[in-house]
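One structure is given here, and the rest of the page talks about it.
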Protein chains: 2
Amino acid sequence: MAVTVDLVVLTVRADELQALVIRRGEEPFRGEWALPGGFLDPGEDLPTAAARELEEETGIVADRFHLEQLASYGAPDRDPRMRTVTVAYIALAADLPTPRAGTDAAEAAWRPVRELLATPETLAFDHEQILRDGVERARAKLEYTPLAAAFCGREFTITELRRVYEVVWGTTLDPRNFHRKITGTTGFLEPTDATTTRDGGRPARLYRVGAATTLHPPFLR
Amino acid sequence: MAVTVDLVVLTVRADELQALVIRRGEEPFRGEWALPGGFLDPGEDLPTAAARELEEETGIVADRFHLEQLASYGAPDRDPRMRTVTVAYIALAADLPTPRAGTDAAEAAWRPVRELLATPETLAFDHEQILRDGVERARAKLEYTPLAAAFCGREFTITELRRVYEVVWGTTLDPRNFHRKITGTTGFLEPTDATTTRDGGRPARLYRVGAATTLHPPFLR
DNA sequence: AGAATAGTGTCTATTAGACAGTATCCC
DNA sequence: GGGATACTGTCTAATAGACACTATTCT
């Protein structure tokens, strides 16, 4: 009985929700796309293993981003080699440099979630299901936690935050109502003194994430 | 590397949230209280193992109640025997017969969650943390799913359902507002033709759970 | 009749959603 | 000045919370 960890790493790039996938360099499923992941080492904690596998396979250091456990998958036939149970994690990250392929991975890339889930058999193992569950978790968490900010940089504008909601949920939100609601939720945003004009037009105030961990009342889709 | 399953089985008894615990009949932690659970068999699926262990240790058949995965726990030192990763499940059940002790269990009993969590070291392994997480999951799920009905029988009154919310959340709810809100949520309740006077007073209409799986808008605590 | 619980109705304050106008930068 | 984006404000409909009364059973 072997235990593995797999990661659903999500980011918002080019106005799309994208996931980090690797092209497998080893059997089984050699040459096919899969989620990054690998075997749990003896003596190693689960989140540590997740961070290690992510770095080994994609070169991305799990620094400054949100990592949480998603669920475990243990269907007896999920891995043709042997009986495995995998503990899946989701990681939410701001836009990051292009990943580089590492151990056991022939290639690493960001791919739009829409594409990965458009047709079955795109991902190895049961990774399509894991990705679906991870995306659904992320969507749900935006409703009742300030987690949308995990997709932004350290400082961000309200418009950038709104774009995250729009992209992840696939909806459009009224900028004025969004602004009112989000600034009215205590603990979500912490204003800074700085502004930016990176989006053009009038300078926008920059914010950091506040201390709140849950949103009362939640932001419903 | 061994994989186990553990269960947080919750019910509402005597106006309290109670959990199913067993007294361990084997080392380690022999004689101490723990959550029911055990090793995953080769070729066995995770939820199947959860149901099997529950029946083996407590005699309770996982029929007609809600079983869902909670999370996995894999700290390297969580089991003194060997390296184990456990996949925890939560089960929500209506009031059930007193459990009987089975394999590996010297005793099985319902115990109020309040008591179990009042003092540390009450439960073996990391089961206190698992119980805490399970209770918090149940509390949260009452907000946005019709899962409160899982604590009731097949047919139940609105007052009985309200008592579930009150006991699990530890709050009091206005009966009139609760009635209005819950009957106004499409798909939550399906009225039957029957009534009951088991609570005394005017006969109350009996309901079954409807088709809804999520509540829009949610019931906030 | 009285006790006990079920169910319905009303008022009010808050919130969500739709929508328009003003402000401040860059070129 | 023109273009672009940021921010503020108003109206209205729906909702949540507080609260009181009527209805139907059993003893």
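Numbered from 1 within each chain, the chains take letters A, B, ... in sequence-line order.
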- Query: With distance as the sole test, does B:T192 use its side chain to make a donor-acceptor pair with the main-chain N or O of B:L206 at under 3.5 Å?
  - Reply: yes

- Task: Give, ordered by number, those residues of residues 205-220 of chain B having at least one heavy-atom distance below 4.0 Å to an atom of DNA chain D; if nothing qualifies, reply none.
- Result: none

- May I have the distance from A:L189 (atom CG) to D:dC7 (atom P), rounded to whole angstrom? 11 Å

- Query: For DNA chain C, which residues in residues 141-177 of chain B have a heavy atom at a distance below 4.0 Å?
  - Reply: B:T159, B:R176

- Query: Is the backbone of A:P36 close enough, under 3.5 Å, to the side chain of A:E53 for a donor and an acceptor to pair up by distance?
  - Reply: no

- Query: Is there a donor-acceptor pair closer than 3.5 Å between any side-chain N or O of B:R24 and the backbone N or O of B:D104?
  - Reply: no

- Measure from the side-chain heavy atoms of A:R180 and tell me the nearest of C:dA16, D:dC7, D:dT5. C:dA16

- Item | Side chain A:D126, main chain A:Q129, donor-acceptor under 3.5 Å | no

- Query: In whole angstroms, how far is the P atom of C:dA16 from the CZ atom of A:R221?
  - Reply: 17 Å

Table of protein N/O atoms under 3.5 Å from nucleotides 23-26 of chain C N/O atoms:
unit_1, atom_1, unit_2, atom_2, d
C:dA23, N3, A:R202, NH1, 3.3

- Task: Consider the side chain of B:K181, meaning its heavy atoms from C-beta on, and name the nucleotide among C:dG17, D:dG17, D:dC7 that approaches it most closely.
- Result: D:dG17

- Query: Under 4.5 Å between any side-chain heavy atoms of B:E160 and B:D199, yes or no?
  - Reply: yes

- What integer distance in Å separates A:I182:CD1 from D:dC7:P? 12 Å

- Residues A:D6 and A:Y73: side-chain donor-acceptor under 3.5 angstrom: no

- Query: Between A:E155 and A:R198, is there a side-chain N and carboxylate O pair less than 4.0 Å apart?
  - Reply: no

- Message: Quick one: does any side-chain atom of B:T11 pair with a main-chain N or O of B:A94 as donor and acceptor, under 3.5 Å?
- Response: yes

- Between B:R132 and B:E136, is there a salt bridge with N-O shorter than 4.0 Å? no

- Query: Are any side-chain N or O atoms of B:R208 and backbone N or O atoms of B:R154, one a donor and one an acceptor, separated by less than 3.5 Å?
  - Reply: no

- Task: Using atom types as modelled and distance alone, determine if a side-chain donor or acceptor of A:R221 lies under 3.5 Å from a backbone N or O of A:W169.
- Result: no

- For the pair made of CG in B:D199 and P in C:dG7, what is the distance, rounded to whole Å? 10 Å

